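Encoded as structure tokens, the structure appears first; notes follow it.
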Amino acid sequence: MTIKKRFSLLLMAALLLTGCEKKEQQQAASAELFEITDGVTFSGVQVGDGKAEFIDAYSDYTIQAAYTDTDSSYMVMSINEIPYDKNISTLIANFFIDEESVTEDELCEENDIEYTELYDLLSSTDYLRAHEVIYRYLRFLWEDSVITDIDSGEFNYNETYEVPKQET
């Protein structure tokens, strides 16, 4: 299994683990949200900013947090309850299906599946032949209540699973 597939599986596992309980309705994020220009996010957050700037910029999105100094998985946390004073990583992630931003809830509803079936859907050959599936994320590293690093990335499921979308 390639590193890219393993990382994709790890992120998907974190996503699935966060969906077991009922949560607030997530807002789908635009593609621009995941852009960083000269070290500044689309929402104006940068290294050196703190809790107030982060909350102002991202309070409408589902935030996942993980401790970076222990073996910890990402878990959904209230943006106001995240322990920013600890060594943590926060993550905002979103799926894009055929270039349209969708939440996990919307994917489940549109495909009449349970949340636990989402990974099977998004990695299935039939689904990937019919759709372009991209998972985008924006990750912040925190130490002593200050953002110390920001990065963004994406995983193209069609490339990862080597199933190109078939044009119709």
Side-chain angles (χ1 to χ4, degrees), residues 1-97 101-108 115-116 118-119 121-123 133-157 159-161:
M1 184 179 292
T2 67
I3 296 284
K4 194 172 185 180
K5 275 188 183 178
R6 268 191 237 148
F7 193 64
S8 173
L9 289 172
L10 178 64
L11 285 174
M12 182 55 120
L15 176 100
L16 288 174
L17 289 172
T18 63
C20 295
E21 74 276 353
K22 190 69 179 157
K23 57 184 184 284
E24 293 178 23
Q25 187 67 18
Q26 175 188 10
Q27 176 176 323
S30 67
E32 292 84 14
L33 184 81
F34 301 96
E35 294 176 4
I36 300 173
T37 305
D38 297 328
V40 180
T41 68
F42 179 76
S43 300
V45 175
Q46 59 190 330
V47 169
D49 283 348
K51 175 182 177 179
E53 294 89 355
F54 185 78
I55 290 173
D56 285 346
Y58 302 112
S59 61
D60 291 337
Y61 302 98
T62 298
I63 308 296
Q64 298 177 47
Y67 292 94
T68 56
D69 54 352
T70 62
D71 287 335
S72 174
S73 296
Y74 280 100
M75 61 192 120
V76 172
M77 295 186 83
S78 165
I79 198 167
N80 295 311
E81 295 176 358
I82 293 171
Y84 296 98
D85 60 329
K86 307 288 184 197
N87 291 345
I88 60 165
S89 171
T90 55
L91 183 75
I92 301 168
N94 209 94
F95 282 103
F96 291 80
I97 308 296
S101 177
V102 296
T103 67
E104 293 85 14
D105 291 337
E106 291 169 336
L107 278 169
C108 291
Y115 198 84
T116 55
L118 193 54
Y119 174 76
L121 172 74
L122 296 176
S123 61
V133 178
I134 296 178
Y135 178 80
R136 291 191 172 109
Y137 66 89
L138 186 60
R139 182 175 39 211
F140 302 83
L141 295 180
W142 295 80
E143 290 180 20
D144 298 323
S145 303
V146 175
I147 297 170
T148 59
D149 192 23
I150 304 170
D151 71 322
S152 67
E154 69 178 38
F155 291 98
N156 183 315
Y157 275 65
E159 290 176 4
T160 301
Y161 291 99

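Everything numeric in this text was worked out from a predicted model, so none of it was measured.
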Look at the side chain of S72 and the backbone N and O of A66, then say whether any donor-acceptor pair between them is shorter than 3.5 Å.
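Here the side-chain-to-backbone pair does not exist.
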N94 side chain vs V102 backbone, donor-acceptor pair below 3.5 Å
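Here the side-chain-to-backbone pair exists.
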Tell me, which pairs form a side-chain hydrogen bond (donor to acceptor under 3.5 Å, both in side chains) where one or both residues lie in residues 40-56, sequence neighbours left out?
T41-Y58
Run the side chain to side chain contact (heavy atoms under 4.5 Å, CB included) test on I150 and V40 for me, step by step, so that the C-alpha distance in whole Å, both residues' side-chain angles and the decisive distance to 0.1 Å come before the verdict.
CA-CA 9 Å; I150 304 170; V40 180; over 6 Å; no
Could you tell me the separation between the [atom1] atom of [X] and the [atom2] atom of [Y], rounded to the nearest 0.5 Å?
| X | Y | atom1 | atom2 | result |
| --- | --- | --- | --- | --- |
| E159 | I134 | CD | CD1 | 7.5 Å |
| L121 | Y157 | CG | OH | 10.5 Å |
| Q64 | M75 | CD | CE | 10.0 Å |

When you look at CG of D151, are more than 12 heavy atoms from neighbouring residues, nucleotides or ligands closer to it than 6.0 Å?
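Above 12, so yes.
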So which heavy atom on Y61 is nearest to which on A28, and how close?
CE2-O, 4.1 Å
Which atom pair, heavy atoms only, marks the closest approach of S101 to E106?
O-OE1, 4.2 Å
Under the side-chain contact (heavy atoms from CB on, under 4.5 Å) test, residues paired with N80 that sit two or more places apart:
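Partners of N80 by the side-chain contact (heavy atoms from CB on, under 4.5 Å) criterion, ordered by chain and then number, come out as I55, S78.
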Donor-acceptor pairs under 3.5 angstrom involving side-chain atoms of residues 82-93: please list them, not counting sequence neighbours.
{"unit_1": "Y84", "atom_1": "OH", "unit_2": "I79", "atom_2": "O", "d": "2.6"}
{"unit_1": "S89", "atom_1": "OG", "unit_2": "Y74", "atom_2": "OH", "d": "2.5"}
{"unit_1": "T90", "atom_1": "OG1", "unit_2": "W142", "atom_2": "NE1", "d": "3.0"}

